[in-house]
Amino acid sequence: MNKNIDTQNQTDPTRVEKTEAEWREQLTPAQYDVLRGKGTERPFTGAYVHEKRDGTYRCAGCGAQLFSSSTKFESGTGWPSFTEPADRANVELVDDYSFGMHRIEVNCAACGGHLGHVFPDGPGATRERYCINSCSLEFDES
Ligand SMILES: [Zn+2]
């Protein structure tokens, strides 16, 4: 079902390397669970599900610019949803076969942190729906 999404990455290997202890120190337990543990926050619980302000969403792990408010849309899923990344080179897409499904995982290219998944049913020209955990993001209002 994900065959229309181009998972070819344009990225250098992970640039931000930290030990698990350093990540635990820096991140909240919820952020750690998502970014480092590939967890998923419960739907409709994240800080940015209904965020409507203009601005930039950055990686909560390393500050990399990930998504722009101009691509955010109301998906009804309970997670912040975007039609495309701010810069494709800043995210890394990886095949994920966990839970008996084939999904495409979205990671921060700079620190390797898990952000969410991308699905091929978005409303924009790309047809992509980036389904991202609020926990993995920090919002800068512009
Ligand atoms: Zn990052």
Side-chain angles (χ1 to χ4, degrees), residues 1-2 4-99 101-142:
M1 72 179 261
N2 290 322
N4 295 326
I5 293 176
D6 178 8
T7 57
Q8 185 68 45
N9 292 305
Q10 309 155 8
T11 47
D12 299 330
T14 299
R15 297 182 291 277
V16 178
E17 298 278 3
K18 295 188 185 199
T19 65
E20 290 309 298
E22 287 171 325
W23 284 122
R24 279 191 191 278
E25 175 111 355
Q26 178 192 329
L27 301 171
T28 67
Q31 288 173 329
Y32 183 89
D33 182 56
V34 171
L35 284 164
R36 310 313 307 177
K38 302 188 187 300
T40 301
E41 69 196 10
R42 285 186 297 120
F44 299 103
T45 63
Y48 303 128
V49 178
H50 301 297
E51 179 62 65
K52 296 286 198 295
R53 289 174 292 168
D54 289 341
T56 299
Y57 293 86
R58 296 180 180 281
C59 176
C62 74
Q65 186 180 339
L66 297 176
F67 297 97
S68 163
S69 60
S70 64
T71 67
K72 192 172 188 290
F73 68 98
E74 197 62 59
S75 65
T77 59
W79 291 282
S81 300
F82 305 88
T83 55
E84 59 187 315
D87 184 340
R88 178 63 180 80
N90 289 358
V91 298
E92 214 161 43
L93 304 185
V94 180
D95 285 306
D96 173 11
Y97 294 97
S98 63
F99 302 103
M101 294 179 270
H102 176 212
R103 293 180 297 170
I104 296 174
E105 180 183 357
V106 184
N107 294 331
C108 173
C111 72
H114 173 80
L115 307 172
H117 289 86
V118 56
F119 300 94
D121 57 8
T126 62
R127 312 303 299 170
E128 292 171 358
R129 169 172 60 91
Y130 282 80
C131 184
I132 304 299
N133 292 281
S134 291
C135 270
S136 68
L137 300 173
E138 267 169 11
F139 181 66
D140 285 349
E141 189 172 6
S142 57

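Counting convention: from 1, in listed order, for ligands and their atoms alike.
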Legend entry - In the protein, N/O/S atoms that are found under 2.8 Å from the Zn ion (ligand 1), waters not counted: Cys59 SG, Cys62 SG, Cys108 SG, Cys111 SG
How would you list, by chain and number, every residue that makes a side chain to side chain contact (heavy atoms under 4.5 Å, CB included) with [X], sequence neighbours excluded?
X	value
Asp33	none
Glu141	Arg53, Phe139
Arg58	Thr56, Gln65, Asp140

Legend entry - CD on Glu17 to CD on Glu22, rounded to 0.5 Å: 10.5 Å
Legend entry - Spacing of OG belonging to Ser136 relative to CZ belonging to Phe67, to within rounding of 0.5 Å: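 Between atom OG of Ser136 and atom CZ of Phe67 there are 8.0 Å.
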Legend entry - Check: Lys72 side chain, Val49 main-chain N or O, donor-acceptor pair, under 3.5 Å: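 Such a contact is found between Lys72 side chain and Val49 backbone.
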